[in-house]
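For reference, positions follow the sequence shown, starting with 1.
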Amino acid sequence: MSTDTPAGVRDADVLTQTPPSAARRGWVGYLTMPLILAAVLVSLYLYVSGQELDSIEARSLNAAALSTAVGEHVALTAVSTVITLLIAVPLGILLTRPFTRRIRPFIITLLTLGQAVPTISVLVLLAVMFLFLGFQAAIVGLVLYAIIPVLLNTMVGLEQVDENVLEAGRGMGLSRFQVLRRLELPLAVPVILAGVRTALVINVGTATLATYINGGGLGDVIMAGLSTNRVLVQVVGAVLTSVLALLIDYLAGLAENLLQPKGLRSGRA
């Protein structure tokens, strides 16, 4: 009797194994962006260290001031994104239910029109009409601007789930809530996460406007350079904002890969 492994089994094993070269390329892909960002920061530090700073530049570019600005910027981005998720995802679920079909176009149109209004206009409106300033006012503006990508992606992700899958779940005796929790949401996760990733990047860039209403963040550094005509300060603020946006997008990409169902993972950030 032959003990050789059947060809079909051997072929299946080959298909399920990850080639070492592919694994190496995967690790290189994961490390490329952090290494590039680290190189940019090191280059920026060396360049600034080699300049003779006057008192205004030294006050804006010292480690304490920059650390505070970065921390405030991260807080603005994180808090606004969490609140956006708490509003947009449940609202997106509701708007895909049959009983909201009639009001769905009106709500989407209203939110889309709201996003068309520049964020700086919303912040100024809050400041002038309601005397609403600072961190909390900035959060309101950021949430209003970032809610649409998450809401629309939630709706698209849920609506693209195959109806046959849902019918199979109902046929197995699952309730509507169980179908939503066990089937619809897990299958919609990749699209929803793409919307969250977009909202994060939007919030990082838009958070620089918080400086106009005393909301803090890296916008303070950029504005300090603009108001005092210090190009070096402007460049540092802009580069740090760009690096932060790319880093958050990279981390969101990792989370997107880890959180989506195993069968849908792409293996890339």
Would you say [X]'s side chain and [Y]'s backbone share a donor-acceptor pair under 3.5 angstrom?
X    : Y    : answer
S60  : E57  : no
R97  : I93  : yes
T100 : I103 : no
T208 : V204 : no
Q178 : S175 : yes
N62  : A58  : yes
E72  : A69  : no

Nearest 0.5 Å, please: how far is [atom2] in [Y] from [atom1] in [X]?
X    : Y    : atom1 : atom2 : answer
L151 : L91  : CG    : CG    : 5.0 Å
I139 : I83  : CD1   : CD1   : 5.5 Å
I222 : L240 : CD1   : CG    : 9.0 Å
Y212 : D220 : OH    : CG    : 11.0 Å
N214 : F135 : CG    : CZ    : 12.5 Å
T32  : Y250 : OG1   : OH    : 8.5 Å

> Hey, is R104 close enough to E159 for a salt bridge, meaning N to O under 4.0 Å?
Replying inline: yes

> Under a 4.0 Å N-O cut-off, is there an ion pair linking R170 with E184?
Replying inline: no

> Under the criterion side-chain contact (heavy atoms from CB on, under 4.5 Å), which of L86, T84, V79 is the partner of V143?
Replying inline: T84

Can you see which heavy atom on [X] is nearest to which on [Y], and at what distance?
X    : Y    : answer
L200 : A252 : CD1-CB, 3.8 Å
P149 : I202 : CG-CD1, 3.9 Å
L142 : A207 : CD2-N, 3.7 Å
A210 : L76  : CB-CD1, 3.9 Å
P90  : L85  : CD-O, 3.4 Å
R59  : A65  : O-CB, 3.8 Å

Do [X] and [Y] have side-chain heavy atoms sitting under 4.5 Å apart?
X    : Y    : result
L226 : V233 : no
L246 : L37  : yes
L209 : T206 : yes
L61  : V48  : yes
V191 : T154 : no

Taking [Y] as the starting point, is it possible to reach [X] by hopping between hydrophobic residues whose side chains are less than 4.5 Å apart?
X    : Y    : answer
V196 : L185 : yes
V42  : V236 : no
V82  : V150 : no
L53  : V235 : yes
V201 : V40  : no

>> Let's go through L244 and V74 carefully: what are the C-alpha distance in whole Å and the side-chain angles of both, what is the deciding distance for side-chain contact (heavy atoms from CB on, under 4.5 Å) to 0.1 Å, and is it a yes or a no?
In response: CA-CA 8 Å; L244 183 60; V74 171; 4.0 Å; yes

>> Surrounding CZ of F99 (heavy atoms of other residues, nucleotides or ligands, distance under 6.0 Å), is the total greater than 12?
In response: yes

> Should T81 and N203 be marked as a side chain to side chain donor-acceptor pair (under 3.5 Å) after you check the CA-CA gap, both sets of side-chain angles, and the distance that decides it?
Replying inline: CA-CA 7 Å; T81 302; N203 281 346; 3.1 Å; yes

